[in-house]
There are 2 protein chains.
Amino acid sequence: MTPPDSNPSPRAPRRTKEDIVDAAVDLLDRVGLPDLSMRRLAEEIGVQPSALYWHVSSKQELLAAVSARILTPVAPRPSDPEGLGQAAAILGHRLHDALLAHRDGAEVVSSSLALGLVASPLHVALSAWEDTVTARVVADAITHYVVGITFHEQQRRSADAWGAAAPGASITPASFAHPSEDAFSAPLALIVGGIAVRQDGVGHPADA
Amino acid sequence: MTPPDSNPSPRAPRRTKEDIVDAAVDLLDRVGLPDLSMRRLAEEIGVQPSALYWHVSSKQELLAAVSARILTPVAPRPSDPEGLGQAAAILGHRLHDALLAHRDGAEVVSSSLALGLVASPLHVALSAWEDTVTARVVADAITHYVVGITFHEQQRRSADAWGAAAPGASITPASFAHPSEDAFSAPLALIVGGIAVRQDGVGHPADA
DNA sequence: ACCTGAACACCGTTCAAGT
DNA sequence: ACCTGAACACCGTTCAAGT
């Protein structure tokens, strides 16, 4: 992953991949994903654009590293476990928070996840469960739900911010108000609720 | 799909927005989203790039129109409304199929949906349900799950296709095989199963 | 080992001007 | 009404060459 060395070397590298990722996360938070270009990032670091390609092989690899950084707080904690449902709910909320902590965080992570360039934190955290198959099914449902709705939330936020700053664009045609915490939690609870049905082997719940 | 005009107009437009969207969908299926540029599209149509901007105001608006086209097969309400769960499951599968029917369909629709430039077909189809709130919660959970996992599926597909064509890249480090139909359906069934729990007012299913 | 300089092959979008 | 021509302000990436 990292070409340089971890022990105190005779010649310290002038810039490490970590430094580039640091700067990228910082720039992302300040200018957003559309303005996060390799050229802009190089300028920020005080280096030629081509220099970045000594540290990373492509922009997508860089964004994958940024995604991994964004997702670090989602890692399982020893205090976590209870039932699968509770653990999943906690992790879902943690993922939500982690994505919201960075500008365009959901969009960045969404593509890295789709490209398979970053590990899914829910899959990792729940992989230790005894019912492996159910754990994976739950991780799939929650991960995609949370990333998708947070992407939606963040886009609306920046659209609102832009609309608020723009001249003469006061009438927003948006049909409903900002997403409340419930708008996020209720579908999450729905998914968590489905775990019990699956485990109890309940048949066709929608027949009645 | 639709003939330019149904009545004989005095001056038929040389090109209509429909034509541009037709060509865009066609080009998308042939070259994929990364190579779908305004310049390439203009070339395909036989027009200058700037000419496209008489018909659409931006590339994003064009992709929103493409998204709407991709989503049209999802629209019809399920004929036998046996319950919210069944209707939702049918629509979820229909959405999956619609996205898979076009190259990079999930990615295109994902961003249009996040930007709020296209209507969510599940929300539309389920909005007539008596329990409005539950319908919206279900639509949220299923829409984001399906779009997210289909995005993932399609990326893996094109990565595989590329890897198969690439020289000397036979050993794919992917940890598991292609997604089976079950890998899609099981989490969907989990969400659908959660509906009954929500409606029955069952409390904390993961406590035991 | 780490970076510069210069180039290649592109982008989305605007806008005066044509017909 | 519909489109051309030309420009503006950018992109990601490669690669020989420097230190």
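The chains referred to below are lettered A, B, ... by the order of the sequence lines, with proteins before strands, and numbering in each begins at 1.
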Pairwise 5' ranking along DNA chain D for Arg40(A) and Ala51(A), keeping only the more 5' one:
Arg40(A)

Can you tell me the pairing partner of dA17(D) across any strand shown, Watson-Crick or G-U wobble, with both distances under 3.5 angstrom?
none

Can you tell me how far P of dC2(C) sits from NZ of Lys17(A), to the nearest Å?
14 Å

Within the 6.0 Å centroid threshold, strictly below: His144(A) and Phe151(B):
no

Considering only atom P, compute the distance from dA9(D) to dA9(C) and round it to an integer number of Å.
24 Å

Just how far, in rounded Å, is C1' of dC15(D) from CH2 of Trp54(A)?
16 Å

If we take the C1' atom in both dC2(C) and dA16(D), what is their distance in whole Å?
15 Å

Answer yes or no: does a side-chain N or O of Arg39(B) lie under 4.0 Å from OP1 or OP2 of dC10(C)?
no

Testing dC3(D), dT13(C), dT13(D) for proximity to the side chain of Lys59(B), the answer is dT13(C)

Arg14(A) atom CZ is separated from dT19(D) atom P, nearest whole Å, by 12 Å

Just to confirm, is there a sub-4.0 Å distance from OP1 or OP2 of dC3(C) to any side-chain nitrogen or oxygen of Gln48(A)?
no

Are OP1 or OP2 of dC3(D) and a side-chain N or O of His55(B) less than 4.0 angstrom apart?
yes

Spacing of CD1 belonging to Ile142(B) relative to CG belonging to Leu95(B), to within rounding of 0.5 Å:
9.5 Å

Starting at CG of Leu41(A) and ending at P of dC11(D), how long is that distance when rounded to a whole Å?
11 Å

Just to confirm, is there a sub-4.0 Å distance from OP1 or OP2 of dC3(D) to any side-chain nitrogen or oxygen of Arg15(B)?
yes

Would you classify Ser50(B) as touching base, sugar-phosphate or nothing, given that sugar-phosphate means primed atoms plus P, OP1 and OP2, and contacts are heavy atoms under 4.0 Å?
base

Could you give the CD1-to-P distance, from Ile45(A) to dC3(C), as a whole number of Å?
9 Å

Does atom CZ (Arg77(B)) have a neighbourhood of more than 12 heavy atoms from anything else shown, all under 6.0 Å?
no

Is Arg39(B) salt-bridged to Glu43(B), cutoff N-O under 4.0 Å?
no

Got a second to check how far His123(B)'s NE2 is from Asp140(B)'s CG, nearest 0.5 Å?
3.5 Å

Taken to the nearest whole Å, OH/Tyr53(A) to P/dC15(D) is 13 Å

Taking a pair as Watson-Crick or G-U wobble with both distances under 3.5 Å, which nucleotide is matched to dC10(C)?
none

Check the distance between dG12(C)'s P and Asp35(B)'s CG and give it to me in whole angstrom.
11 Å

Re dC3(D): Watson-Crick or G-U wobble partner, both distances kept under 3.5 Å, found to be none

Salt-bridge criterion met for Lys17(B) and Glu61(B) (N-O under 4.0 Å):
yes

Side chain Ser58(B) and base dG12(C) donor-acceptor under 3.5 Å
no

Whole angstroms only, please: what is the CG-C1' distance between Leu52(B) and dG5(D)?
15 Å

